[in-house]
Every structure is written in structure tokens, then in C-alpha cells.
Amino acid sequence: DPLVDLAGAAWAFVPLAPSGQLSEAGFDPVPDIGARLRLFVDAYGLADRRAILPALQRSELDLEHVRYWPLTAAEAADKLELHAQRLRWLDGVLQELARAL
């Protein structure tokens with residue numbers, strides 16, 4: 001699904017993450033992720049900007065790498081927890097992102 005691929009790119013390149021994590025990564029000041037997401041989907045040419053929102057969740061639910069990569073049980077658990085954290089964070093900011101779009 002191209003929209004899920006676009007959402008995966010948005011996670012990496014907007015980037016979508018909590019402000020503390022962005023600050024730790026060197027962003028100073030911390031960017032307005034809603035504005036950056038809007039710019040990202042506009043640059044892509046997405047006609048319905050809000051279509052990216054459910055795709056952001058679906059892209060985090062794609063756990064094929066946990067199923068098929070040669071991971072130890074601990075590595076798989078870490079990957080699953082990372083996805084769970086990202087989904088919890090997304091759930092908390094989804095309305096803010098929707099308003100920005």
C-alpha cells in the first residue's frame with residue numbers, strides 16, 4: 001500500500017516522535033511536527049491530507065520484521081515494545097496532527 005509506505009517515510013523523515021526524543025536527537029528548537037507533517041504530505045501531493053493518519057497507525061502495525069528476521073526473543077520483545085510506545089504516543093497526538101493537516 002503506497003499510503004502505508006508514505007506513512008513509514010513520515011515516521012522517519014518528519015520525524016514523528018515525542019518532543020523529548022526529538023530534543024535528545026539534536027533538534028533545537030523542537031520542530032512543530034504537525035506543521036512538518038502537513039508540509040510532508042503536501043510535498044508528496046496527497047490530495048486528502050488526513051488519509052495519512054490511519055496509515056501512520058497501519059505502518060506501525062506491520063511487524064513482519066519481528067516475525068521473519070533472525071531475532072532473539074529479547075530483541076523481538078524490544079521491537080514490539082518500541083512499536084507499542086510509538087502507537088501509544090501516536091494515539092495521544094492524533095487529534096493535534098489532524099488539526100494541523
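All residue numbers refer to positions in the sequence shown, counting from 1. These values consider heavy atoms only, across backbone and side chains, with no hydrogens, waters or symmetry-generated copies.
- Between P15 and A12, the shortest heavy-atom distance links the atoms CB-O, 3.5 Å.
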Practice task
Assess whether salt bridge (charged side-chain N to carboxylate O under 4.0 Å, His left out) is satisfied between R88 and E81, documenting all intermediate values.
Solution key: CA-CA 10 Å; R88 283 187 207 102; E81 182 54 35; 3.5 Å; yes
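- Evaluation of the side-chain hydrogen bond (donor to acceptor under 3.5 Å, both in side chains) test over residues 24-35, restricted to residues two or more places apart or in two chains, returns none.
- Side chain of R49 to backbone of D42: no donor-acceptor contact under 3.5 angstrom is found.
- Atom-to-atom distance recorded for D78:CG and L71:CG is 9.5 Å, nearest 0.5 angstrom.
- Put simply, CG on L61 and CZ on R86 are 11.5 Å apart, with the number rounded to the nearest 0.5 Å.
- Residue E75 comes nearest to P70 through the heavy atom pair OE1-O, 4.2 Å, listed as atom of the first residue, atom of the second, then distance.
- When hydrophobic residues (I, L, V, M, F, W, Y) are linked wherever their side-chain heavy atoms come within less than 4.5 Å, the members clustered with L90 are L3, L6, W11, F13, V14, L16, L22, F27, V30, I33, L37, F40, V41, Y44, L46, I52, L53, L56, W89, V93, L94, L97, L101.
- Annotation: side-chain hydrogen bond (donor to acceptor under 3.5 Å, both in side chains) contacts involving residues 92-101, sequence neighbours excluded, are absent.
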